[in-house]
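Here's the structure, in structure tokens; my notes come after.
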Amino acid sequence: MKWPATPGLGVAAMSYVVIDYLRHLSPVWHERLQPALWSLLALIAVIRVPFYKHWSSEFRAAIPFVASMIFMLSALLFEALSVRFVTAVLGLDWHIDTPPLPDTGQWLLLALNEKLPHPIVEILRARIIGLHHFLMLFMMLAFSVLFDSVKAPGLGIGARYMFTMAIGRLLRAITFVSTILPSARPWCATARFRVPGYPHRWAQKYYVPYASDSNSIRQLLRMDIAYADTGGYPSEYQPDWGSMSFLIDFLRPTASEGSSWFSLLKKAGGGCNDLLYSGHMLVAVLTAMAWTEAYGGFSSALIWLLVAHSAQREIRERHHYTVDCIVAIYVGFLLWKMTGFIWPREDASRGRRLIKLEKIQGRLIQAAKDSDMEKVRELLEEVETGSQESKSKGPSRAMLVLASAIILSALTIVLLALTWTSDG
């Protein structure tokens, strides 16, 4: 059975997007309304905490939630290593000299700029939605379990979201590190990275001699060995990273970037190669899939429209090629469908009700034969209440402590998401 959609969550979500867009239209009103909206939503959520009846479900989902978070952080670390590697291995000169790939999606958008009415083009250009918006929309969806807008547990859907995100990020890193593609913004690498201008010795041996000369490529295919004599390799900066020194060849640090490998990774950001597929679009699609499955309603259609708007902006502003966005959409869709075992939409209490019904089947049949409708009603209520958390007593002290920890942790995640994705 589809979980019923109430209008409150959709209204809150769209209000958040509209108010946040005011930063471009009226910064003064944005500074007034955004804190008021967040304060109101936080206050309502805190008020609902003592009346929430599914803390035992949240407790059971806590371990998968933490495990999914650790998995996702590990995937993001691997992705950051891969981003730095594909930027550094060929050197800055390659990024400057290599032109972008031909992209028919970019051509189409430029052609539409000439054909469509100017107001529509301005709407397509507008920065209505960004990465942090989709993250916050999912946080609002997860917190809506407090109002029974979404099936509990909230940590369950959060675990599924992060687990799916981690798989998507790992697949993405493996994909873009396999074949290095030039950026659609050739100036990006020189503006954001300080890696050496010349290629790493691996690229000098296995790529540079065979990059453009057709005769060299033919001979390489015949011999199937890197035959060119590249001579000596320039010496590179070798910081003392202790047990992490094996990363030097992958990250290619420079003296001006400091002595910490971790601070080097934090500067990677989104990278300056074309990273197939788009990480921004993966987040957007997973948010839309979660919203559609857990909540539904008209607001889901609006979020999918925002996903489409975000995709065309990624292409229009040359953050990604069209292929990156298309692949991210179907990868996100398929991955979300594959991870339904973590937080299924089906009612988890159905099995418990069937077991309880089997136990009282004999008494239920006898009561029906005796036409004792009061007894039948009593037995059916016993089946229903036996599969749910107790509603007759309030949450225990341990549950309140767990609730407080969950709320604080979730708010911390929200603040970190806003801080780390503030630049898109």
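Position 1 is the first residue of the sequence, and the numbers go up from there.
Separation of atoms CG (Leu251) and OG1 (Thr87) is listed at 10.5 Å; rounding is to 0.5 Å. If you take SG on Cys188 and NE2 on His319, they are separated by 9.5 Å, rounding to the nearest 0.5 Å. Within the model, atoms CG of Leu221 and OG of Ser216 stand 11.0 Å from one another, a figure rounded to the nearest 0.5 Å. To the nearest 0.5 Å, atoms CE (Met139) and OG (Ser144) are separated by 11.0 Å. The structure places CD of Gln204 at 10.5 Å from CG of Leu90, a figure rounded to the nearest 0.5 Å. One distance of note links CG of Asn273 with NE2 of His95; it measures 4.5 Å at 0.5 Å rounding.
Note: Trp261 and Phe246 fail the aromatic proximity criterion, with ring centroids not under 6.0 Å apart. The ring of Phe250 has its center no closer than 6.0 angstrom to the ring center of His200.
Taking both residues in full, the closest heavy atoms of Arg169 and Leu282 are given as N-CD2, 4.1 Å, listed atom of the first, atom of the second, then distance. Minimum heavy-atom separation, Val145 to Glu58: CG2-OE2, 4.0 Å. Residues Pro196 and Thr254 approach most closely at CD-CG2, 4.0 Å, considering heavy atoms. Between Pro253 and Ile248, the shortest heavy-atom distance links the atoms CD-O, 3.7 Å. Of all heavy-atom pairs spanning Arg252 and Gly91, the tightest one is NH1-N, 4.0 Å. Closest approach of Val86 to Phe176, counting heavy atoms only: CG1-O, 3.9 Å.
Between the side chain of Ser26 and the backbone N or O of Leu22, no donor-acceptor pair lies under 3.5 Å.
In this model, no donor atom of one side chain and acceptor atom of the other lie less than 3.5 Å apart for Arg313 and Ser310.
For the ring-ring contact (aromatic ring centres under 6.0 Å, His included) with Phe138, the qualifying choice from Phe143, Trp291, Tyr161 is Tyr161, the only one to do so.
Judged by the 6.0 Å and 45° rule, Arg172 forms no cation-pi pair with Phe78.
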